[in-house]
Amino acid sequence: MPKIVLLSDPRIAAVSVKECGEPLVDLRTVEAIRVDPRLADREGAYAHVRLSVADRLVAAQTRLPRELRLLITEGYRRVGLQQQYFDSSVTRHRAAHPDWDENRVRVEASRYVSPPDVAPHVTGGAVDLTLCTSNGDELPMGTPVNATPPEDGEACYTASTAISAEATANRHILGTAMTSIGFVNYPTEWWHWSYGERYWAFTTSAHHALYGAWELPS
């Protein structure tokens, strides 16, 4: 697999942000998009994304075969929740590799959960998603959404060869639709796509990110 730039790489934090001020949109109100409730929170934050991200998801849906649908599992994530996820990842990696120093633990944890200060989800510019049929049946993608190491190996890497031919084909369908509309993928997670935030800006060589950390009103 090609070399991966991790979210913990100092070059990501160095990307400047010129906040455009786009509001968050509730995808549950967008008829063309399906939102899965598996990660639903009481306030519904998980179903929100920035306006341009919502528009691009609708456009990406039109690039899929007629019988397939995007299925969104999570969009916006509050900073506090992102911190909890990152701390949990650090704890799991520390336990799995007691010989690693603290810096390596945090770097390896960031392969799968972003440090909060550069996290795409806290900007509203990222979505975790998969594919399903028009009847709602999820397609085989090689791993479930959020099936991350150290427990689950590296089949979650987008370019993994340790998955079936069917799963590989399905990831290609998803990737083709998403990249055609301007999204970028975080290569350790086939389900994670973003637009407008720091990782997107770095990957596309944009002059700056459009979205910084955002707060959804309670």
Side-chain angles (χ1 to χ4, degrees), residues 1-9 27 30 32-40 46-47 49 53 56-75 77 85-86 88-89 92-93 95-97 107-114 119-121 125-195 199-200 203-204:
M1 290 183 285
K3 183 175 176 58
I4 294 172
V5 176
L6 299 178
L7 280 158
S8 60
D9 191 301
L27 290 174
V30 180
I33 299 298
R34 287 194 178 188
V35 180
D36 185 281
R38 73 188 71 177
L39 294 176
Y46 82 106
V49 295
V53 174
R56 281 171 167 75
L57 288 171
V58 172
Q61 176 63 56
T62 68
R63 304 297 179 95
L64 293 175
R66 184 182 298 272
E67 69 278 9
L68 299 183
R69 302 288 299 276
L70 297 176
L71 182 64
I72 312 300
T73 61
E74 189 175 23
R77 189 182 294 160
Y85 285 168
F86 185 67
S88 176
S89 182
R92 296 197 312 274
H93 279 77
H97 302 281
V107 168
E108 293 300 322
S110 75
R111 287 184 181 274
Y112 319 108
V113 183
S114 174
H121 280 286
V127 288
D128 293 341
L129 77 173
T130 187
L131 292 174
C132 68
T133 67
S134 57
N135 293 325
D137 298 322
E138 291 183 39
L139 270 60
M141 303 296 284
T143 75
V145 174
N146 293 329
T148 53
E151 296 85 1
D152 296 294
E154 295 184 352
C156 58
Y157 280 47
T158 307
S160 174
T161 58
I163 59 175
S164 69
E166 182 182 15
T168 298
N170 290 336
R171 290 187 188 186
H172 179 73
I173 291 170
L174 176 62
T176 298
M178 296 297 284
T179 56
S180 71
I181 304 301
F183 285 99
V184 300
N185 172 244
Y186 191 49
T188 67
E189 300 177 338
W190 61 262
W191 57 84
H192 179 98
W193 295 82
S194 64
Y195 171 84
Y199 198 81
W200 166 86
T203 302
T204 62

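- Expressed to the nearest 0.5 Å, how far CZ of R92 lies from NE2 of H97 amounts to 11.0 Å.
- Of all the heavy atoms in E189 and V113, the pair that sits closest is OE2-N, 4.4 Å.
- To the nearest 0.5 angstrom, R34 atom CZ is 14.0 Å from L27 atom CG.
- Within the structure, side-chain hydrogen bond (donor to acceptor under 3.5 Å, both in side chains) pairs that include any residue of residues 133-142 comprise R38-E138 (at least two apart or interchain).
- Using modelled atom types, one side-chain atom of N170 and one backbone atom of P140 make a donor-acceptor pair closer than 3.5 Å.
- The closest side-chain donor-acceptor pair between T143 and W190 falls under 3.5 angstrom.
- T179 meets the side chain to side chain donor-acceptor pair (under 3.5 Å) test with no other residue; sequence neighbours excluded.
- In this structure, L7 and S114 approach most closely via the heavy-atom pair CD1-CB, 3.4 Å.
- Rounding to the nearest 0.5 Å gives a distance of 5.0 Å between CD1 of I72 and CG of L57.
- Between N146 and L39 the shortest side-chain heavy-atom distance falls below 4.5 Å.
- Under the side chain to side chain donor-acceptor pair (under 3.5 Å) criterion, R69 pairs with no residue, sequence neighbours left out.
- A donor-acceptor pair under 3.5 Å is absent between the side-chain atoms of H172 and the main chain of T168, judged by distance alone.
- Residues Y85 and R77 meet the side-chain proximity criterion, which asks for heavy atoms closer than 4.5 Å.
- Of all the heavy atoms in V127 and M178, the pair that sits closest is CG2-CE, 4.3 Å.
- With contacts defined as side-chain heavy-atom distances shorter than 4.5 Å, the pair W191/C156 qualifies.
- The side chain to side chain donor-acceptor pair (under 3.5 Å) check on Y195 picks up R56, with sequence neighbours excluded.
- Side-chain N or O atoms of E154 include none that pairs as donor or acceptor with a backbone N or O of S160 at under 3.5 Å.
- Using a 4.5 Å heavy-atom cutoff, the side chains of P37 and Y46 are in contact.
- Taking T204 as the reference, V184, W200, A206 meet the side chain to side chain contact (heavy atoms under 4.5 Å, CB included) condition, with sequence neighbours excluded.
- Here the side chains of L64 and I173 are in contact, with some heavy-atom distance below 4.5 Å.
- Between atom CE of residue M141 and atom OG of residue S164 there is a gap of 10.0 Å, rounded to the nearest 0.5 Å.
- Atom-to-atom distance recorded for L174:CG and L131:CG is 4.5 Å, nearest 0.5 angstrom.
- A donor-acceptor pair under 3.5 Å links the side-chain atoms of T62 to the main chain of A59, judged by distance alone.
- In this structure, CD on E74 lies 12.0 Å from CG on L129, to the nearest 0.5 angstrom.
- Nearest heavy-atom pair, A155 versus R171, reported as atom, atom and distance to 0.1 Å: O-NH2, 2.7 Å.
- Remark: the backbone N or O of N185 is not paired with any side-chain donor or acceptor of H192 at under 3.5 angstrom.
- Among all heavy-atom pairs drawn from A167 and G142, the shortest one is CB-N, 3.3 Å.
- The backbone N or O of D36 lies less than 3.5 Å from no partner atom in the side chain of T73, so there is not a single donor-acceptor pair.
- Taking the ring pair (Phe, Tyr, Trp, His ring centres under 6.0 Å) definition, one finds that F183 meets it with nothing, sequence neighbours left out.
- The residue from L6, V5, T203, T158 that alone fulfils the side chain to side chain contact (heavy atoms under 4.5 Å, CB included) condition with Y186 is L6.
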